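Taking it in order: structure first as structure tokens, then the write-up.
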Amino acid sequence: MIVALKSWIDRNLKGDPIIWGIVILLSIISILVVYSATGSLAYKFKGGNTEKYLFDHSMMVFGGLLVMWVAHKVPYKWYGLVGRLLLVISIPLLIFTYFFGTNLNEASRWINIPIINKAFQPSDIAKLGLIATLASILAKRQKSLEELKKSFLTIILVIGLICMLIGLANMSTALLLFFTCFLLMFIGRVPGKYLIMCVLFGALFISVSAMVGQRGATFFSRIENYMSKDDTLQYQVEQSYIAISTGGITGKGPGKSEQRNSLPHPYSDFIYAIIIEEYGLIGGGTVLFLYLALLYRGMRIVASSTKPFGGLLSAGLSFALVLQAMVNMGVAVGIGPVTGLPLPLLSMGGTSLLFTGFSLGIILSVSRGDHEDSVDTVVEGNRSKKVFQTA
Amino acid sequence: MNIKRSIVLRVRLAFLIVALIAGAILFKIVRLQFVEGEKWTAKAESANFKYRQVSATRGNIYAADGSLLATSLPFYRVVLDPTVAKTNVFNEGIDQLSGLLADFYKDRSKASYKKMITDAKSNGKRYLILNRKQIGYQDMQMMSTWPIFNKGRMGGGVIFEKVEKRYRPFNSLASRTVGFLNEDRYGAGIEYSFNDYLEGKNGQAMFQKIAGGYWKPVFNAEDIKPEDGYDVHTTLDVNIQDVAESALYRQLMEKDAAFGTVIVMEVATGKIKALANLQKNKNGRGYSESYNYAIGDQGLTEPGSTFKLMSMLALLEEGKVNLNDAVDTGDGVFQFYDRKMTDAKTGGYGRISVREIFEKSSNIGISKLVDQSFGHNPKKFMSYIEKAGLDKPLDFQLKGEGVPYFKKPGEKNWYGTTLPWMSIGYETKLTPLHTLTLYNAVANNGKMVKPMIVESIAKGNYVQKSFQTEVLRKSIASEKTIKQLQELLEGVVKNGTAKNVHNDQYKIAGKTGTAQKLEEGRYTRRYYTSFVGYFPADNPKYSAIVVIDSPKGFNAYGGDISAPVFKEIADKIHAQDLRLNKKTPADVYLAQQTSDFPYIQAGKVDELQLICNKFGISNHANGVNEGYVRSKSMDRSIQWQANQTESPVVPDVSGLPLRDALYVLENKGLRVIYQGKGRVKNQSISPGSPVQQNHVINLILG
């Protein structure tokens, strides 16, 4: 039985087995915690039908895993092209959303897909597209710094445009994406003075976006709130502290959260506080460790890769995911201003889970491609070189 | 350094940064749990935040013409936290405030108020209810200007606690039909039956507990906004309701009866235009609406002679009886097995026709005929009752409808005497509404429609649900039978027991009923009198039933007690309803040809035009397009002149009825105080002077 399972896994789940393990573990935790956290939501909106949210969320988690599985089957060399395509599509979508999207909390971030009646955020597409494109541009220019200099202006304009469009409705996502791109450029050996220029450009685009965008006021007030050393904490933060503090070392137990009733968005923005409340310091530490481990495995792929595109792609996507996780957890414990970013893989986030699955699938595809490559390299030495050139 | 090693090094550096962030997160968790733990645990225990209910505004109930029958208004309870106001503010204002409170509530002296407040302050009491009486919005506004109170909640410590109260602009009018709903969500009438629509959906919002036990709303994106309730539009006509209620009230007072019921229904549609129920108050003085006898369980009684219509229907349908057949009703006493049936006339009616039996309401005649025709097969008689839809509840829109009671042939309690007694309306139970539905069907040429009281459920202009007239039976009997029944009912008024309501203006058709009341198994000397019928008989528009229970005095018959009430109501409706009057006002006016041209005062232009046109008086507007006009008589015609109601000056309201004057003046922002009755004779601010908001204008009516 176990042998059969193992051989099934070997046949079907290619790529880094540890990443597979982490993702599946986090998915299980996600279903458990979201089920508990949506209790009050279910009572308020669905007349107490808590299974409704459990079912919807579980479907999305499985959907995410399915997308991940499909994506890891595709050779990652295609993702440079896919990324560029996504980037191009995302621009009109972002503009459309800004003007006609579904309004949640006074910001239009969602577009409804008519037939299946699910909403998705074009910023998810833009993020994926931008990171893949950036990775491919940087990879091509690794040979000479001269070439890098030539295309630097294009890079910075694309990053600036996308971040500005996202920032119109969702400043924290824009900032995080910008920082991820910055990190990716740093990893991709962009020289220091360009990086400084990039920061200046970024600051410009972000402030324009904050001035004209819908969330400018919220953005500034949240920063102000965080910076002010006032004794009165924001309501959400105070509730989050209570949750974390009363959780203790081992937690109150699954489904025993009390703060879920008073904490806003206990199933997304503040899910980490609920995790600590129910599973304690041990649970919170474990989740933190799992994200770090995920990043570490993503990093390992970079180290073991022979080709810059795969390495940069994997690094960019893992950092994007884990950085967002860190920001979300940081907000919950109060080391950063309130942002409203969900915890990737754990929060109830609808179609966002599918895009997270897609990112992870790409990372796995890279990890698996390298494995095959290294085998190939031993057998016929010149083939990997050819692949490298086309990438 | 080669490219790959450089990249890997940079990735490791970035990883280190992330690992540092992770470390910071872990550190903060540990700190929150172990260093600040007690602080946050204490906070959690004080439970400062809570989701609380935000009540939805209850929908309104309207009459057919859009008049408000019930609405929700805000009222306030005045509470003071005397510790809030600063000492100097408090000391300066307390004397004057106590005086004002004493003047306003008139229940304690000024000194008593002052003592109560200062005592509370020195005891550190933070929640002092100044008076349990709830005040209206206007009073609340006024109170906010009083000393201490004018410093507001934070500076003066005054709290106006809002309570939503049900308000009925027409007071007790149709109060039982409009109904009520108590805190346990139990109630009666429309308020109870349509509560699902009226109540709306309460919302929820996050509240924070603040000092003194109050809850303050906290902004939260997850709040659920309350959804206001739907409005219920009834078929009730306030004018007819008013007429019905006052006519019933007078008769009840006069006869010192126990209770009474009136239902007025539109024949073609089944729309209930008035539904009045009055019951003697517990203290024995006066009457008020406390139970819906027209529809409810307690209204279920032996109908008495009004049920003879059903018996006639069965006899005629069976085809064994002719209206002109002669029947011997004997000397007024007839023995069925062990029971004696008697007629109202001592000595009996002797040999009379079937028609006369019905008109004079002979018990012996009807029961003999029914016993002859159906005695061997009572099931056949029952089948006619079923066909007429009397055996099952109507499924009326209001909850708590009484279920009709009929004995079944072949069952234990079915005796040989059951059928004869049932034929005259005993040993069987029906609600007044059900009896009326049968008569309405006869008026409606055999088509039985379901009575209805709610026409639609709407919010603003959006109609959520509308109710159509429902046909229960396309035809309860053959056309010939219906015609004969109509003839019989007209005969009752023309020659029979209800001769006293006969009049030359229009024809009434109907039937009297007088049932002895059964109490603890024995028939008493108390009666249940009724009259049910319709008018105008030639082309019936309304049907109605009047029930008066246990009247005192000699003539305790339906014809003497209930029929006059029916006539009073019918007369008024007939006079008011232009469509019912064959003679139009113009005919009357021209016929009289009085030399005097009528004097027409000021008023609303469309109403005045309507009246003038109906009377055939020529009238011209000549380009005036204001809502309110005054008239100028010129050469036997009327010229409408603008009343300057739309310019920003005080308009001339003299000659206007009070209703119109109030509307015009209050729309200008003036506050109206009036004296007397009738139309406006004098106004304290002269026409044409500029309007100053909230100034008081005195009107003298006469």
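By convention in this document, chain letters (A, B, ...) are assigned in the order of the sequence lines, proteins followed by strands, and residues within each chain are numbered from 1. If you're wondering where the values come from, they're calculated on a predicted model, not measured in any experiment.
Rounding to the nearest 0.5 angstrom, the gap separating the CG atom in A:Leu313 from the CG atom in A:Leu134 is 10.5 Å. Annotation: the span from B:Gln468 atom CD to B:Met452 atom CE amounts to 7.0 Å, rounded to 0.5 Å. Here the CG atom belonging to A:Leu321 is positioned 7.0 Å from the OH atom belonging to A:Tyr291, to the nearest 0.5 angstrom. Here CG of A:Asn328 is found 8.0 Å from OG of A:Ser268. Values are rounded to the nearest 0.5 Å. Between A:Ile335 atom CD1 and B:Phe27 atom CZ the span is 10.5 Å, to the nearest 0.5 Å.
Using a 4.5 Å heavy-atom cut-off against chain A, no residue of residues 192-201 of chain B qualifies as contacting.
Note on A:Gly247, A:Gly284, A:Gly248: by heavy-atom pairs under 4.5 Å with chain B, the leading option is A:Gly248. Contact count against chain A (heavy-atom pairs under 4.5 Å) is highest for B:Gln33 among B:Glu38, B:Gln33, B:Glu36. Of the listed residues (A:Val327, A:Leu312, A:Ile276, A:Ile244), the one with the most heavy-atom contacts under 4.5 Å to chain B is A:Ile244. Of the residues considered (B:Ile17, B:Ile29, B:Leu26, B:Ile25), B:Ile25 shows the highest number of contacts with chain A, using heavy-atom pairs under 4.5 Å. For the set B:Val30, B:Val8, B:Val18, B:Leu13, the count of heavy-atom pairs under 4.5 angstrom toward chain A peaks at B:Val18. Taking chain B as the reference chain and counting heavy-atom pairs below 4.5 Å, the highest number among A:Leu323, A:Leu292, A:Ile249, A:Val322 is found for A:Leu292.
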Which pairs of donor and acceptor atoms, one on a side chain in residues 178-187 of chain A, lie under 3.5 Å apart (sequence neighbours left out)?
{"residue": "A:Thr180", "atom": "OG1", "partner": "A:Leu176", "partner atom": "O", "Å": "2.7"}

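Using a 4.5 Å cut-off between heavy atoms, B:Arg31 does not touch chain A at all. Residue contact with chain B, scored on non-hydrogen atoms closer than 4.5 Å, involves the backbone and the side chain of A:Tyr296 alike. Only the side chain of A:Leu288 comes within contact range of chain B, judged by heavy atoms closer than 4.5 Å. Within the 4.5 angstrom heavy-atom criterion, atoms from both the backbone and the side chain of A:Val333 approach chain B. Proximity to chain B is limited to the side chain of A:Phe319, based on heavy atoms less than 4.5 angstrom apart.
Nearest heavy atoms, A:Lys256 versus A:Glu278: N-OE2, 3.4 Å. The nearest pair of heavy atoms linking B:Gly156 to B:Ala85 is O-CB, 4.0 Å.
Within the structure, salt bridge (Lys or Arg N to Asp or Glu O under 4.0 Å) contacts touching residues 312-334 of chain A (residues at least two apart or in different chains) do not occur. Residue pairs that meet the salt bridge (Lys or Arg N to Asp or Glu O under 4.0 Å) test with at least one member in residues 295-306 of chain A, sequence neighbours left out, are A:Asp16-A:Arg297.
In summary, A:Arg260 and A:Glu277 do not engage in a salt bridge, as defined by a charged side-chain N under 4.0 Å from a carboxylate O.
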